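Worksheet: the structure to be examined is printed underneath.
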Number of protein chains: 2
Amino acid sequence: MFKLCVLILVMSIDKKEHIMDVAVALFAEKGYEGTSIRDLAHEADVNIAMINYYFGSKEKLFVALLESKARYMRERIDAVQNDASLTELEKLNQIIDGYVNRFLSQPAFHRVLQQELLVTNREILHQNVIELFTKNTQDVVSIIEKGVRKKIFKKVDPPLLFASIIGTINQVMLSRSMCNILMNKAPGTDPYQDPELKKRITQHIKQLVQDHLLIQPALQKQK
Amino acid sequence: MFKLCVLILVMSIDKKEHIMDVAVALFAEKGYEGTSIRDLAHEADVNIAMINYYFGSKEKLFVALLESKARYMRERIDAVQNDASLTELEKLNQIIDGYVNRFLSQPAFHRVLQQELLVTNREILHQNVIELFTKNTQDVVSIIEKGVRKKIFKKVDPPLLFASIIGTINQVMLSRSMCNILMNKAPGTDPYQDPELKKRITQHIKQLVQDHLLIQPALQKQK
DNA sequence: AAAAATTAATTAAACGTTTGTTTAATTCAA
DNA sequence: TTGAATTAAACAAACGTTTAATTAATTTTT
């Protein structure tokens, strides 16, 4: 009874968004192809026809969903990059903070994105995400290279270091049960809710990057 | 004409394996749900009914495929772990070599595995892979912890360091185009064929881990 | 302000495809 | 001649989508 009331309230605000929210959750759980419109309609408590009425088709719903939620990805690194008052390491640290925050704040959507990237065939998203990723990679790489030129950083493999940063976060988010194992939590719980997790991940990555980059880590630590 | 001959030759050796090989390639490209039995039959040049004749069902084919190919994952770390003649760092280095070799040697199957892990719903594989992953995580973690106790390693976050190792490889293999960007290659080429890639990844990860773990990296390097 | 007209939202039912699977007949090999 | 391998055809179920009818909301007219 209470659930019904909440549902009606939520739906009255914006039915389209309600459908999209349910879609993200279902796609994350079953995959895009694995989720039928009937599943979605039932779970969102709307008629099957409403989905095509609002979005046109299943694929268009998917695209709408991506464009709506992917905005949090588009926030570029420009701001950080052009801030002259920051050292290269500080820039990297801020970028790490940004990625961890964004990725962990929307685990379901993140999962949908990852799924889509692993399906080479479907071109809808691939192109867009790749493009964004290219830009981000180049930005981070150029920051690292600048640090290397300044002799602040050791000579490293910049693109692969970027892969390590992103890859660490992705790995933690790959599977809920995997995350629970990594975090030494009970198998059933939802690890992404824990604010401690975010802190732990950022700390680890920052330390990892710092150790890898700085020529005299001991000295830097003291400052 | 030549292609047809090769196909017949390959099929005559073992038709079941031929179907499974084509299935891995298709699943990797389109996903399990996105690949129809008709797709698969056409691509493998066999009758649709043959797939059910050999495997019983689409799902059983999938399980057979996983069990057949996943063996390369099951090769445990025991051998390395119990070798007393190796230092903790050397053990980690060997483990890194092992993961990079195994993951990069079968990129298509690796992609299928990753896809499956991202689908929370389907339980077929999840349980098995999780179980294996747990064991491997614990093994690597205990090696790191031993190094910490021996005061060879700094006090780090062992499970997250493991996540960084695996995550880096996974990140590189997430998308062919992404890998080409990371490797600064032409967009069309297949990066996983390049033997230089394997070398570069292992080198990077080993250096990353070493920098993160060793208390005096400068001294260690000289030895 | 009430009634009528118009537009939007919602529904159940049916549409044509495609899905995985099975059948029954046929070819092949032992 | 017997059993396995292979085929084309048909199967029911599920898929995304559309239709036509109905209800709700909004605007226009009186």
Side-chain angles (χ1 to χ4, degrees), chain A residues 4-5 7-27 29-66 112 115-116 119 121-125, chain B residues 4-5 7-27 29-66 112 115-116 119 121-125:
Chain A
L4 187 69
C5 290
L7 190 68
I8 290 168
L9 185 69
V10 167
M11 274 172 50
S12 67
I13 294 169
D14 197 334
K15 206 162 191 173
K16 265 184 98 168
E17 273 194 40
H18 171 65
I19 292 173
M20 281 164 65
D21 286 345
V22 177
V24 177
L26 281 181
F27 289 166
E29 194 185 330
K30 306 178 170 197
Y32 171 73
E33 305 271 5
T35 306
S36 74
I37 290 202
R38 281 169 181 81
D39 280 345
L40 175 54
H42 181 259
E43 205 71 24
D45 230 19
V46 296
N47 191 276
I48 317 165
M50 293 308 293
I51 289 153
N52 282 296
Y53 176 76
Y54 275 128
F55 298 96
S57 71
K58 188 190 178 185
E59 188 171 319
K60 281 178 186 167
L61 155 66
F62 190 52
V63 174
L65 191 152
L66 291 172
V112 175
Q115 282 174 15
E116 206 51 25
V119 181
N121 182 254
R122 203 157 36 233
E123 303 259 327
I124 322 172
L125 159 81
Chain B
L4 187 70
C5 290
L7 190 68
I8 291 168
L9 186 68
V10 168
M11 274 172 49
S12 67
I13 294 169
D14 197 335
K15 206 161 191 171
K16 264 184 100 168
E17 273 193 42
H18 171 63
I19 293 173
M20 281 165 65
D21 285 345
V22 177
V24 176
L26 282 182
F27 289 166
E29 193 185 332
K30 308 179 170 196
Y32 172 73
E33 306 271 6
T35 306
S36 73
I37 290 205
R38 281 169 182 81
D39 281 344
L40 175 54
H42 179 260
E43 204 72 23
D45 230 21
V46 296
N47 192 277
I48 318 164
M50 292 308 293
I51 289 154
N52 282 296
Y53 176 75
Y54 276 128
F55 297 96
S57 71
K58 190 190 177 186
E59 189 170 319
K60 281 178 187 168
L61 155 66
F62 192 51
V63 174
L65 192 153
L66 291 172
V112 175
Q115 283 174 15
E116 207 50 24
V119 181
N121 180 255
R122 202 156 39 232
E123 303 259 328
I124 321 171
L125 158 81

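Source: prediction; values computed, not measured. Per chain, numbering begins at 1; letters A, B, ... match sequence-line order.
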Find the distance [X]:[atom1] to [N]:[atom2] and express it as a whole number of Å.
X        : N       : atom1 : atom2 : answer
Asp39(B) : dT17(C) : CG    : P     : 18 Å
Tyr53(A) : dT11(C) : OH    : P     : 12 Å
Asn47(A) : dA20(D) : CG    : P     : 17 Å
His42(A) : dT11(C) : NE2   : P     : 13 Å
Lys15(B) : dA4(D)  : NZ    : C1'   : 12 Å
Lys16(A) : dA9(C)  : NZ    : P     : 10 Å
Asp45(B) : dT6(D)  : CG    : P     : 12 Å
Met50(A) : dT17(D) : CE    : C1'   : 15 Å

Quick check: do [X] and [Y] have side-chain heavy atoms less than 4.5 Å from each other?
X        : Y        : answer
Lys15(B) : Tyr54(B) : yes
Glu43(A) : Leu26(A) : yes
Lys58(B) : Tyr32(B) : yes

- Output field: ring centroids Phe55(A)/Phe62(A) closer than 6.0 Å: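 Centroid distance Phe55(A)-Phe62(A): not below 6.0 Å, so no.
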- Message: What's Ile51(A) touching, base or sugar-phosphate or nothing? Going by heavy atoms closer than 4.0 Å.
- Response: nothing
- Query: For Tyr54(B), which contact category applies under a 4.0 Å heavy-atom criterion: base, sugar-phosphate, or nothing?
  - Reply: sugar-phosphate
- Can a side chain N or O of Ser36(B) be found less than 4.0 Å away from OP1 or OP2 on dT19(C)? yes
- Message: Whether Ser57(A) contacts dG16(D) is assessed here as follows: a side-chain N or O lying under 4.0 Å from the phosphate OP1 or OP2. Is that the case?
- Response: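 Indeed not, no polar side-chain atom of Ser57(A) lies that close.
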Which nucleotide in [options] has an atom nearest any side-chain atom of [X]:
X        : options                   : value
Arg38(B) : dT10(C), dT21(C), dA14(C) : dT21(C)
Asn52(B) : dT17(D), dA12(C), dT21(C) : dT21(C)
Ile37(A) : dG20(C), dT17(D), dA8(D)  : dT17(D)
Ala49(A) : dT10(C), dT19(D), dT7(D)  : dT19(D)

- With Leu61(A), the side-chain contact (heavy atoms from CB on, under 4.5 Å) member among Ile51(A), Leu66(A), Asn52(A): Ile51(A)
